[in-house]
Amino acid sequence: LVIGDRECTTTDIIQGVNLIIEKGTDEIYNIGTGEAVSINSLTTVFAWNVQVEYLPLTLEPFITKADIRHIRKLGYKPTQRVLEWLAKNK
């Protein structure tokens, strides 16, 4: 799953959905790890031999990550750190 906060494991997604079904309200809940992952760190984890082209900054946010405060109130606890999980499962 690659949206907003990048990747999270299937276990984390199932945990989050179950908590929303059981305890959620009409709020919007983000499921993720709450940590940002850069493209540079991904190229390191996968040992990609690619040339990264850096473009000038635009009006888009420089760093993005899922805000998981609401779902944490339901008891959500991510089980995996993104880069650690990717390194083990590449």
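Numbering starts at 1 and runs along the sequence shown.
Judged purely by atom type and a 3.5 angstrom limit, Glu27 has no side-chain atom pairing as donor or acceptor with the backbone of His70. Under the 3.5 Å distance criterion, the side-chain polar atoms of Asp12 are left unmatched by any main-chain donor or acceptor of Pro78.
Here the closest non-hydrogen pair linking Tyr76 and Ile68 is CE2-CD1, 4.3 Å. When all heavy atoms of Ala66 and Asn30 are compared, the pair lying nearest together is CB-CB, 3.9 Å. Here the shortest heavy-atom pairing between Ile20 and Ile31 reads CD1-CD1, 4.3 Å.
Annotation: the span from Lys77 atom NZ to Arg72 atom CZ amounts to 9.0 Å, rounded to 0.5 Å.
A continuous path of hydrophobic side-chain contacts links Ile21 to Tyr29 [ILVMFWY only; heavy atoms under 4.5 Å].
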